[in-house]
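Scroll down for the structure; my scribbles are underneath it.
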Amino acid sequence: MASDFVGASAATEVNQFGYRSFTVGECTFDRDEYFAYITWPIGHHVMSVDDFLRAAQRDVAWDFFYGVVNFDDVFGTINNYSSVDLFAGRFNDAYRKAELDHVARVETAEIREVFKNILADWTNAGFDPFASPTETGTAFGSKNGSNLEAISRRRVAAKRMVGASGDEVLRNDENGHPVNRMFADVPQDEPEIYAEPGFESEVASFNLFAYLSRSQVTWNPSVVSVCRDSLYCPTTEEYVLPIIHGNDRVEWFVQLSDEIVWDVEDRETGAKRANVVMKAGDVAAMPADIRHQGYSPKRSMLLVWENASAAIPELVKSGRVPPQPVVF
Ligand code: PHB
Ligand code: FE
């Protein structure tokens, strides 16, 4: 019903720092030189604006992702896959107990539009929310131009597999994907394919390490191969995952290179559950009832393996499948 949804308002005039304010889901968003301010009917919150923009960028690029995207331990979004819940304090024990939490349901198209507009207005020239901190300029200061190219990158989403005919193409210097400084030692040779005559367009193969070594962005899983609902979503990581992801299904992680430390917390309350150190070759299953945030001291390669079946969130919620994939 339309009346279940909370609408957005038009952007305001610019403030003294040159930025506009935005409203959606009964939340108002303002920024100054250093901070993003979020205000809802019974509360308010402040975040460093670089963290806010990095989180908002991923929320938009992933179209609200699987389950919960916590921008931090107070603010975030829940993907209902037909609408989005915008919340403050919903997964924070103290806010819940004090009854200061706020949740508003908004149309996906509406929040997508408002978040895109915030990103466009608040991202200054030279700041790239997808880049590692050492590969971008600053997010801070008064309004200084824009960076529409960085915030509107097309997301890689293979239909079958990168390199397959008519699908996502391999990366190279010529198409704007030089090898990253931290992956200079990654071999760039490609497999040789000897297909039976007539099957040339059906057989494909590529060097995933070489492909990832040429990624220009961090913490941005992209679909490189698809088998029905099974999606291989590798990504290159450096510094901190800009969101705390609240799972609505099991996710498998394969650490392809280097090391990532994962903070794993209870999805509902944020209570600490585990600290997982993943070294190259390690495999972990993240349960469906947790939230997690990763720390990668050096640029690393991570394979995130997702099951995109639309049936899973309900199976987990109703208890018909357990939150963990294996019981030892
Ligand atoms: C995750 O939430 O599982 C996730 C998100 C982005 C990444 C890696 C993992 O880059
Ligand atoms: Fe996750």
Side-chain angles (χ1 to χ4, degrees), residues 51 53-73 76-79 81 91 128-133 135 153 155-157 180 182-183 208 211-224 229-268 270 273-280 282-309 312-313 316 323-325:
D51 291 339
L53 291 171
R54 289 186 178 109
Q57 175 67 73
R58 283 153 183 88
D59 219 7
V60 167
W62 306 342
D63 215 27
F64 306 98
F65 208 32
Y66 300 105
V68 183
V69 171
N70 296 283
F71 282 39
D72 62 7
D73 58 6
T77 59
I78 307 171
N79 196 352
Y81 304 101
F91 297 98
D128 181 348
F130 268 128
S132 83
E135 294 181 345
R153 284 187 176 91
R155 191 178 182 202
V156 170
N180 183 265
M182 287 203 185
F183 290 137
L208 178 62
Y211 184 78
L212 292 176
S213 73
R214 293 173 177 276
S215 168
Q216 303 305 300
V217 296
T218 59
W219 305 103
N220 187 33
S222 50
V223 182
V224 303
D229 284 324
S230 170
L231 309 183
Y232 265 10
C233 308
T235 155
T236 54
E237 320 296 47
E238 190 176 325
Y239 188 52
V240 183
L241 173 58
I243 62 152
I244 309 167
H245 181 217
N247 285 9
D248 66 0
R249 66 197 68 213
V250 169
E251 290 174 316
W252 287 88
F253 288 168
V254 182
Q255 191 68 39
L256 297 178
S257 85
D258 303 282
E259 183 173 317
I260 296 179
V261 177
W262 289 95
D263 257 350
V264 182
E265 302 170 339
D266 182 83
R267 186 186 118 112
E268 290 294 315
R273 272 190 46 183
N275 189 255
V276 181
V277 180
M278 294 191 67
K279 296 176 190 290
D282 287 348
V283 178
M286 292 285 163
D289 59 356
I290 58 97
R291 67 192 199 190
H292 52 200
Q293 185 170 38
Y295 299 78
S296 186
K298 182 186 176 304
R299 205 175 187 93
S300 69
M301 298 181 184
L302 171 70
L303 174 60
V304 180
W305 183 22
E306 297 281 0
N307 185 328
S309 165
I312 293 179
V316 171
Q324 71 280 7

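What you see is a predicted model, and the numbers here were worked out from it, not measured in a lab. Indexing begins at 1, ligand by ligand and atom by atom, following the structure's order.
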Discussion item. Going by ring pair (Phe, Tyr, Trp, His ring centres under 6.0 Å), name the residues that satisfy it together with Y66, two or more places apart in sequence or in a different chain.
Written reply: none
Discussion item. Can you list everything that forms a side chain to side chain contact (heavy atoms under 4.5 Å, CB included) with D72? Sequence neighbours excluded, please.
Written reply: H45, M47, V74, F75
Response to the item:
Looking at H245, the N/O/S atom that lies nearest to the Fe ion (ligand 2) is called ND1
Worksheet item: Under a 4.0 Å N-O cut-off, is there an ion pair linking E265 with R273?
Response: no
Worksheet item: By ring pair (Phe, Tyr, Trp, His ring centres under 6.0 Å), which residues pair with F253, not counting sequence neighbours?
Response: W262, H292
Worksheet, complete the sentence: So the angle subtended at the Fe ion (ligand 2) by E251 atom OE1 and H292 atom NE2, rounded to 10 degrees, is 100°
Fill in: Amino acids in close contact with ligand 1, where any non-hydrogen atom sits under 4.0 angstrom away
W62, F65, W219, N220, P221, T235, E237, L241, H245, E251, F253, W262, H292, L302, V304
Discussion item. Closer than 3.5 angstrom, by distance alone: can the side chain of E268 be matched with the main-chain N or O of F91 as a donor-acceptor pair?
Written reply: no
Discussion item. Could you check whether D59 pairs with R54 (Lys NZ or Arg NE/NH1/NH2 to Asp/Glu carboxylate O, under 4.0 Å)?
Written reply: no
Worksheet entry | Salt bridge flag under 4.0 Å for residues E237 and K298 | no
